[in-house]
Amino acid sequence: MIHNSTPTIIRNGTIFASDGSDPYPEGELHIVDGKITYVGPTSNAPTEPFNNSLVIDAQGGTILPGLIEAHFHATYFNVATLQDLDIKYPVEYVTLLAAQNAACALEHGYTSARSGGSLFNIDVWLKKAIAEEVVRGPRLTASGREICGVGGLMDWNPDYRKIGMDGLVLLVNGPSEATGAVRKLVKDGVEWIKTYPTGDAASPDVNDHHSLCMTFEEMDAVVRTAHNHGLKVTGHCRATQGIKNALLAGFDSIEHGTFMDDETMHLLLERDVPVVPALYFEKASILHGPDFDMPQQVIDGHQETLDAGTISAQRIIREGGRLGLGGDYGFAWNPHGDYAKELTFFVEHVGLTVEQTLICATRTGAEIIGVQDTLGTLETGKLADVLVVAGDVLNNISLIEDKKHLLAVIQNGIIKAGTLLNPN
Ligand SMILES: [Zn+2]
């Protein structure tokens, strides 16, 4: 990714560094060659002049690390039914939509994202296009196609149609097929393996949120093969036994982590495995599902999921665990661009402080991806992915939801979006 050779000074804002330090009012941040060279109070900032430096006035607002979407589906094109994810459009058109969704995420302050699964191998190539500045978007960590057991949540095309599910998931029966699926994804160039250990409220009849879609043996085979090749593993885990199986198999993160009993919570905390709850998706399904003819049974399932997921997220934070934020934007009732509603939801409904929520959305996101040494906090020597927001985010996190409040979205020291770049 290209960096800006013009030194940049951001001043006149409160800095929230996400590194555990107190916010600095009257803060200042310096960027040289795409890296942070100073962060702290203006009164202590080095005074040696920068030649032709760019000065960004934060207008008394807030300066924080670029946000990290920990469960991003670039190829979900605001679909109204799960089935549309698969064959509604050909891969060529979905690729274009995915590029547009990536630009949307960047414009909303998200400078990094971990893919939670993609149609075909689009996210692998989207990652390259973003890194090489062919298109704009968050620094992407790719997952490619997901893995699910035959007959599970993501296997909906009847056999008689002979169209399979190949674009979206690799379907497996038994550990040897699970190994084979991971090996295919190794060749595809993914970094994370996304699996479906459990069902979901979205599929109430045969794969609901208390059912399993993979066996422990299949999950274990996935982890052994992935780890052998240096890849990480995550999974859609709602049912208690599915979460437990994922932890015992050695998953590197858990998506959702909905129904947790004491034993599962203990295992999670003992292994320090991060969880990405993606709770706002449930809330949005309950609020807006009826507008899209969502059956009442599905809405009731989302309510049960939201209630249990909220309790689990609260326990994880209270007991010293880690949460990443983001999740499943790209449905008609939860469209791309709404990502930061997750943050507001965690403050207003889950009960985290603004500071805890921002740390989840930045530092923990970087830890999940494995880039905590270079991203996720505002610290000297780190890459300059910075968000400058008009207004006091620490008192009102919902300011981040509206991109009109984003003065500058800076990636690698370059302003990529924000009202300072595009005044209208
Ligand atoms: Zn997802």
Side-chain angles (χ1 to χ4, degrees), residues 68-86 94 97-98 101-102 105 110 113-120 122-123 126 138 140-149 152-156 165 167-170 185 190-203 207-209 213-214 232-239 242-243 246 251-258 274-285 289 298 301-302 305-306 309 313 323-339 341-342 345 365 368-369:
I68 297 179
E69 230 284 350
H71 183 127
F72 181 62
H73 290 292
T75 63
Y76 286 18
F77 44 89
N78 300 342
V79 294
T81 70
L82 269 183
Q83 285 71 16
D84 282 350
L85 292 174
D86 180 19
V94 180
L97 295 175
N101 292 335
Y110 286 79
R114 181 184 60 146
S115 174
S118 160
L119 189 75
F120 287 103
I122 292 173
D123 61 359
L126 183 60
L140 202 54
T141 304
S143 298
R145 290 176 289 176
E146 304 165 88
I147 295 175
C148 183
L153 179 66
M154 301 299 277
D155 183 11
W156 53 68
M165 291 298 312
L168 206 51
V169 291
L170 301 169
L185 293 167
V190 309
E191 297 156 279
W192 277 78
I193 303 293
K194 165 75 183 297
T195 63
Y196 276 89
T198 78
D200 193 276
S203 180
N207 286 301
D208 79 356
H209 40 303
C213 299
M214 293 177 75
K232 292 184 175 177
V233 179
T234 191
H236 172 99
C237 298
R238 298 215 180 271
I243 304 170
F251 276 40
D252 301 283
S253 78
I254 300 285
E255 309 307 296
H256 312 305
T258 306
V275 175
V276 182
L279 289 177
Y280 189 75
F281 170 79
E282 307 305 320
K283 184 68 184 176
S285 303
V298 172
H302 283 305
T305 300
L306 179 65
L323 299 180
L325 293 192
D328 286 329
Y329 292 85
F331 288 89
W333 51 90
N334 194 40
H336 285 277
D338 276 5
Y339 320 106
K341 287 190 174 179
E342 197 80 27
F345 187 79
I368 292 171
I369 295 173

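Note that the coordinates shown come from a computational prediction; the quantities given were computed from them, not determined experimentally. Whatever order the structure lists them in is the order used to number ligands and atoms, beginning at 1.
For Tyr76 and Phe331, the ring centers sit closer than 6.0 Å to each other.
Of the possible polar contacts, one joining the Thr198 side chain to the Arg238 backbone as a donor-acceptor pair under 3.5 Å is found.
The side-chain contact (heavy atoms from CB on, under 4.5 Å) with Trp192 is formed by just one residue from the set Asp252, Leu185, Asp123; it is Asp252.
For the Zn ion (ligand 1), the N/O/S atoms of Glu255 include none lying under 2.8 Å. Between the Zn ion (ligand 1) and His236 there is no N/O/S contact shorter than 2.8 Å.
Between His256 and His71, the angle of the ring planes lies from 30° to 60°, which puts this pair in the tilted group.
The nearest N/O/S atom of Asp328 to the Zn ion (ligand 1) is OD1.
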